Amino acid sequence: MSTIANNIAKVAARIREAAQAVGRNPDEVHLLAVSKTQSAEAIRQAHAAGLRDFGENYVQEALEKQTALADLPLAWHFIGPIQSNKTKSIAEHFDWVHSVDRLKIAQRLSDQRPVDKPPLDICLQVNVSGEASKSGCEPHEVAELARRIAELPRLRLRGLMTIPAPTDDLAEQHAAFARLRQLQADLALNLDTLSMGMSQDLEAAIAEGATWVRIGTALFGARDYGTPSA
Ligand SMILES: *Cc1c(COP(=O)(O)O)cnc(C)c1O
């Protein structure tokens, strides 16, 4: 078995055990393979080992890999910070966007979503950790933003997403994810998605209701952002 296939099996086992520990059906928890900085070849191996959904943070990098992998039936998720001048590419080339955190970006994505594609699946990113994290809307903005995004014709608001401040403290992990779950429950919009949990904290996220866990390091190993040549 390749390292990636081996890692996938280990992550799948962690997901299954975490779900079963709280009486959830493991099939409710989907695995998003975060492939930023990884090669098209690594994605090809992950697909051969059974994965279909891949998350990318940088538009240009993602488009290059999508071209190289156009022969595979993959689903692409955009999970990084979004600049206005990138919304057209994102609306045209992705199936999901997990990192929408303001109305202007949502409106552009809706306007720019090609008519021959289904509505773009969207998560509203929320900053549940206060000062410690910069991305995401504030919790008090969620109700109004979610209501406005849900009205946009070419988007389908699926739920909320968060990246809490990293911590080894299990109680803090649970508290952050529970906060996101409660914000979603308060909306009463009938949303089906909570995108939360990464390599270090997927167990806590699943215990608190995650339906997508976004996993990079535990699948592909440590990321190499490139070292300056000597
Ligand atoms: C990089 C990244 C991940 C994956 O993190 P790991 O700790 O490598 O599993 C998940 N979500 C987002 C938004 C990311 O940018």
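Just so it is clear, the model here is predicted, and its values are computed rather than measured. One-based numbering, in listed order, for ligands and for the atoms of each. Every heavy atom of this structure was used, including side-chain atoms; hydrogens, water molecules and symmetry mates were not.
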Item to complete: Sequence neighbours left out, what pairs pass ring-ring contact (aromatic ring centres under 6.0 Å, His included) with at least one residue falling in residues 16-55?
Response: His30-Trp212
Worksheet item: Which ILVMFWY residues are connected to Val115, directly or by a chain of links, through side-chain heavy atoms under 4.5 Å apart?
Response: none
Discussion item. Run the side-chain hydrogen bond (donor to acceptor under 3.5 Å, both in side chains) test against Asp192 and tell me which residues pass, sequence neighbours left out.
Written reply: Arg158
Fill in: Nearest heavy-atom neighbours spanning Leu155 and Pro119
C-CB, 4.0 Å
Worksheet item: ligand 1: which residues have a non-hydrogen atom closer than 4.0 Å?
Response: Val34, Lys36, Asn57, Ile79, Met161, Ile163, Met198, Ser199, Arg214, Ile215, Gly216, Thr217, Arg223
Discussion item. With no hydrogens and no angle check, just 3.5 Å: does a side-chain donor-acceptor pair link His77 and Asp53?
Written reply: yes
Discussion item. Check Glu203 with Arg14, please: is the shortest side-chain N to carboxylate O separation under 4.0 Å?
Written reply: yes
